[in-house]
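Numbering of ligands and ligand atoms starts at 1, following listing order.
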Amino acid sequence: MAQRLYSLEFFPPRTPEGVEKLRAARRQLGQLKPAFCSVTFGAGGSTREGTLETVLEIRREGVAAAPHISCIGSTRENVVAVLDQYRNHGIRHLVALRGDMPSGTVDAGEFRYANELVTFIRETTGDWFHIDVAAYPEMHPQADSPERDLENFRRKVDAGANAAITQYFFNADAYFRFVDECESAGIRVPIVPGIMPIASAAKLARFSDACGAEIPRWIRRRLEGYGDDVASIRAFGLDVVTDLCAKLVSRGAPGLHFYTLNQAALTTTIWHRLGL
Ligand SMILES: Cc1cc2nc3c(=O)[nH]c(=O)nc-3n(C[C@H](O)[C@H](O)[C@H](O)COP(=O)(O)OP(=O)(O)OC[C@H]3O[C@@H](n4cnc5c(N)ncnc54)[C@H](O)[C@@H]3O)c2cc1C
């Protein structure tokens, strides 16, 4: 098996304090020697410049960095401008996504789905970029069925994606089943599990509702039971997520991608407990 890749994800901070906090988090996380760090694009009102600036800062710290690029609401011209900017900076690794329309907006722009973005990137830039795309072991919330979602995932791989990073999940079986189904369907790219450390019960519930990730009942009820006891929530979350990661790695996952939410402590503890 190829070497496993352990990577981290950040979002571009929107305030000077956020920039400082992220720098401090990166000083700690950089010691883990991640394979690369990715930086989200356009999510939560962040700007395209924020993504690029954060990527360039990470690179200056000696760590490989990959910007995300999303296409919903964009024109071909906008996407070309972003790709040119990335290329001019020598960036060769992207995470390509559809993105989500802000509520109330109806114009999808010139790209409807991520497979169209991947096709366009390959048409305009050939093999310059290594392209990761998103995958959903528990099914994307807007998909008609798991079978359709798998077909749509295949379109992204057929369009030229090199690898995938999954939405987070807490049920390892959903991931292994998805990987098996891809294998049976002849979809052969590494599918790296996305890992969400648990810092807050309320935040986790909010994110999970929005992105369709299931919090198993036994985890939800435990978290609810801890109420405002943050230390117990974090201790329980660390146990649950470390066990999940250990299971994923021991059963052959090609790496782990941590959604750090720009915080160092939980990811660092999980990383050390796993002995990565
Ligand atoms: C690892 C990761 C990183 C992310 N980073 C960001 C980020 O930086 N910025 C951001 O805004 N969002 C980000 N997201 C969220 C992502 O944009 C949303 O989950 C979005 O709803 C779907 O994006 P996608 O690229 O998976 O879309 P797609 O692959 O286009 O899929 C979206 C939906 O459309 C369906 N579909 C796909 N193709 C077709 C087709 N040809 N015909 C009919 N139906 C189709 C799929 O089944 C699915 O239900 C990220 C998600 C993940 C997992």
Side-chain angles (χ1 to χ4, degrees), residues 5 7-14 36-52 54-55 65-74 78-79 82 86 93-103 105 108-121 130-169 174-175 178 181-182 185 187 189-196 207-213 253-262:
L5 293 184
S7 52
L8 306 174
E9 183 170 309
F10 302 118
F11 60 85
R14 269 166 288 162
F36 68 92
C37 295
S38 81
V39 182
T40 64
F41 182 97
S46 61
T47 63
R48 148 182 156 190
E49 280 66 33
T51 302
L52 180 64
T54 308
V55 161
H68 295 202
I69 177 169
S70 66
C71 60
I72 199 88
S74 259
N78 293 147
V79 171
V82 175
Y86 289 169
H93 184 176
L94 294 177
V95 184
L97 304 137
R98 184 193 69 174
D100 289 309
M101 295 288 280
S103 51
T105 328
E110 292 183 309
F111 298 91
R112 288 168 311 157
Y113 299 109
N115 67 297
E116 296 169 9
L117 175 64
V118 176
T119 300
F120 184 71
I121 297 172
H130 171 101
I131 304 176
D132 289 340
V133 290
Y136 301 85
E138 295 180 329
M139 199 178 102
H140 184 270
Q142 290 155 3
D144 298 335
S145 66
E147 294 76 18
R148 281 282 185 71
D149 210 28
L150 188 73
E151 270 317 299
N152 291 328
F153 176 57
R154 175 206 285 284
R155 284 182 223 268
K156 296 193 275 196
V157 175
D158 289 349
N162 302 96
I165 301 171
T166 75
Q167 184 56 274
Y168 70 86
F169 55 87
Y175 168 79
F178 181 76
E181 283 172 352
C182 287
I187 305 170
V189 293
I191 300 170
V192 175
I195 302 297
M196 179 66 87
F207 285 155
S208 303
D209 280 350
C211 73
L256 299 169
H257 181 77
F258 289 89
Y259 296 111
T260 70
L261 302 181
N262 292 6

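In plain terms, the two heavy atoms of Ser145 and Met139 that are nearest each other are C-SD, 3.5 Å. Closest heavy-atom contact between Ala134 and Lys156: O-NZ, 2.8 Å. Of all heavy-atom pairs between Ala174 and Pro137, the closest is O-CB, 3.7 Å.
From Ile191, atom CD1 reaches atom CD1 of Ile165 across 12.0 Å, with rounding to the nearest 0.5 Å. One finds the CG atom of Asn115 at 14.0 Å from the CZ atom of Phe120 (value rounded to the nearest 0.5 Å). Atom CG in Leu117 sits 8.0 Å away from atom OG in Ser70 (nearest 0.5 Å).
Counting heavy atoms only, Tyr113 comes closest to atom 38 (N) of ligand 1 of the residues Phe153, Tyr136, Tyr113. Scanning Asp132, Ile72, Thr51, Asp100 for the heavy atom closest to atom 21 (O) of ligand 1 points to Asp100. Here the shortest heavy-atom distance to atom 48 (C) of ligand 1, taken over Arg155, Met139, Glu116, His140, belongs to His140.
Under the rule for a side-chain contact (heavy atoms from CB on, under 4.5 Å), the partners of Asn78 that lie at least two apart in sequence or sit in another chain are Ser74, Thr75.
Contact check on Arg154 versus Glu151 returns a salt bridge, with a Lys/Arg side-chain nitrogen under 4.0 Å from an Asp/Glu carboxylate oxygen.
Interface of Gln167 with ligand 1, defined as ligand atoms under 4.0 Å from a residue heavy atom, comprises 53 (C). Less than 4.0 angstrom separates some heavy atom of Asp149 from each of these atoms of ligand 1: 46 (C), 47 (O), 48 (C), 49 (O). The atoms of ligand 1 that sit less than 4.0 Å from any heavy atom of Tyr259 are 1 (C), 2 (C), 53 (C). Distances below 4.0 Å separate heavy atoms of Ile165 from the following atoms of ligand 1: 1 (C). For ligand 1, the atoms sitting less than 4.0 Å from at least one non-hydrogen atom of Phe41 are 7 (C), 8 (O), 9 (N), 10 (C), 11 (O), numbered in the order shown with element in parentheses. Of all the atoms in ligand 1, the ones that sit under 4.0 Å from a non-hydrogen atom of Ala143 are 47 (O), 49 (O). Listed by number with element, the atoms of ligand 1 under 4.0 Å from a non-hydrogen atom of Ala134 are 26 (O), 52 (C), 53 (C). In summary, the atoms of ligand 1 found under 4.0 Å from a heavy atom of Asn115, numbered by their order in the structure, are 38 (N), 41 (N).
Some N or O of Ala114 is nearer than 3.5 Å to an N or O of ligand 1, by distance alone. Where the criterion is an N or O separation shorter than 3.5 Å, residue side chain and backbone included, Ala135 fails it with respect to ligand 1. Distances between N or O atoms of Ser70 and those of ligand 1 include no value under 3.5 Å.
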ask   = Between Thr40 and His68, is a side-chain hydrogen bond (donor to acceptor under 3.5 Å, both in side chains) present by the stated rule, with each step listed?
value = CA-CA 5 Å; Thr40 64; His68 295 202; 5.6 Å; no
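Contact annotation for His68 and ligand 1: only side-chain heavy atoms (C-beta onward) come within less than 4.0 Å of the ligand. With a heavy-atom cut-off of 4.0 Å, Lys156 touches ligand 1 through its side chain alone.
Remark: aromatic rings of Phe153 and Phe178 are close, center separation under 6.0 Å.
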